[in-house]
Amino acid sequence: MTEAAGRATRTTSTDADRSGGTQGGDGARGSSEARGSFATVREISQLAASIVPRAAARGVTIAVAESLTGGLVAATLVRIPGASGVLRLGVVAYATPMKQEVLRVPAQLLAERGAVDPHVAIAMARGVRQLAAVDRSECTIGIATTGAAGPGSQDGRPPGEFHIGLEIETTDGRVALSSSHHATGDREAVRAAALLAALRALSSALDRTDLPMHSESTT
């Protein structure tokens, strides 16, 4: 078993723009592939099992853009019955050019900051949320993961650094949020930590009282 992902240290930064922009930039056993301590795995399972019914009860829809987690967030949500009414889209944009071409992360932002950056995470979340709004009203929450799983650094960022980005539709406009983290351990421990952080971020987003209600199902 790898080092506990739950031991990851976290520094959180928040950007919010009610007009839809982003300040500072345009921007189960949860999965058999993401290993962590028993406590981490248990929390991943519990969060996923809570997020799906809570979102469904409020008519909240979710879109996921993933880099270092490689689909773990979407796969973990899909394990829960009722996910078809909540999860609209999952995109794995692993290569940096895919973040620009598929998720519309601005090229200048990527050039200036690299792919491992909180503003890039927000831009990814915005991009996937927009992609998920092709057939009806806007997707409520876009969430993204990006980071350096190791063993080497990426874009000058040390292994273990990762960022979670969200863009949330609220009754007062769009809100952009990000959190920055560092986890110790091997690649799977870092990915497990990122999965856990993303689920915690989704759970916190569902605590908001300003989320709009949608009645449509994703199926």
Side-chain angles (χ1 to χ4, degrees), residues 2-17 21-27 31 33-37 40 44 63-74 90-131 142-167 175-202 204:
T2 61
E3 186 166 346
R7 296 177 186 171
T9 59
R10 180 170 78 172
T11 302
T12 302
S13 61
T14 300
D15 294 316
D17 186 346
T22 304
Q23 297 173 1
D26 196 24
S31 170
E33 296 182 47
R35 304 188 307 272
S37 70
T40 297
I44 287 170
V64 182
E66 303 184 61
S67 187
L68 85 157
T69 46
L72 290 176
V73 178
V91 173
V92 177
Y94 203 69
T96 297
M98 295 299 100
K99 295 175 177 64
Q100 178 184 341
E101 295 299 325
V102 177
L103 297 173
R104 306 300 185 188
V105 177
Q108 183 177 354
L109 178 62
L110 289 167
E112 291 177 351
R113 295 181 173 270
V116 183
D117 180 83
H119 297 291
V120 170
I122 289 173
M124 290 171 64
R126 173 177 300 121
V128 78
R129 198 176 78 87
Q130 291 173 346
L131 285 174
I143 186 164
T145 67
T146 186
S153 61
Q154 180 179 345
D155 297 334
R157 303 293 184 141
E161 178 179 330
F162 64 90
H163 306 276
I164 308 297
L166 294 101
E167 186 177 78
V175 174
L177 307 170
S178 69
S179 60
S180 299
H181 311 252
H182 188 273
T184 56
D186 63 13
R187 286 177 60 85
E188 296 312 310
V190 174
R191 295 174 73 228
L195 169 60
L196 178 57
L199 294 177
R200 285 173 172 169
L202 280 175
S204 293

Give the minimum heavy-atom separation between [X] and [Y], together with the two atoms involved.
{"X": "Ala198", "Y": "Ile143", "result": "O-CD1, 3.3 Å"}
{"X": "Val120", "Y": "Lys99", "result": "CG1-CD, 4.5 Å"}
{"X": "Phe162", "Y": "Ala183", "result": "CE2-CB, 4.0 Å"}
{"X": "Ile44", "Y": "Ala192", "result": "CD1-O, 4.1 Å"}
{"X": "Pro159", "Y": "Pro151", "result": "CG-O, 3.5 Å"}
{"X": "Ala123", "Y": "Leu109", "result": "CB-CD2, 4.1 Å"}

Under 4.5 Å between any side-chain heavy atoms of [X] and [Y], yes or no?
{"X": "Val128", "Y": "Val64", "value": "no"}
{"X": "Leu103", "Y": "Leu131", "value": "yes"}
{"X": "Arg191", "Y": "Leu195", "value": "no"}
{"X": "Arg126", "Y": "Ile122", "value": "yes"}

Ignoring hydrogens and geometry, is there a side-chain-to-backbone donor-acceptor pair from Glu66 to Gly71 under 3.5 Å?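 Side chain of Glu66 to backbone of Gly71: a pair is present.
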
Report yes or no: does Thr146 contribute a side-chain atom to a donor-acceptor pair with the main-chain N or O of Ser67 at less than 3.5 Å?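 Judged by distance alone, no pair lies under 3.5 Å.
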
Can you tell me how far apart [atom1] ([X]) and [atom2] ([Y]) are? Round to the nearest 0.5 Å.
{"X": "His182", "Y": "His163", "atom1": "NE2", "atom2": "NE2", "value": "10.0 Å"}
{"X": "Glu161", "Y": "Asp117", "atom1": "CD", "atom2": "CG", "value": "8.5 Å"}
{"X": "Thr69", "Y": "Leu196", "atom1": "OG1", "atom2": "CG", "value": "12.5 Å"}

Arg113/Asp155 ion pair, N-O < 4.0 Å: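 Salt bridge flag = no for Asp155 with Arg113.
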
Using the side chain to side chain contact (heavy atoms under 4.5 Å, CB included) rule, take Leu68 and Gln154 through it: C-alpha gap first, then chi angles, then the decisive distance, then the call. CA-CA 11 Å; Leu68 85 157; Gln154 180 179 345; over 6 Å; no

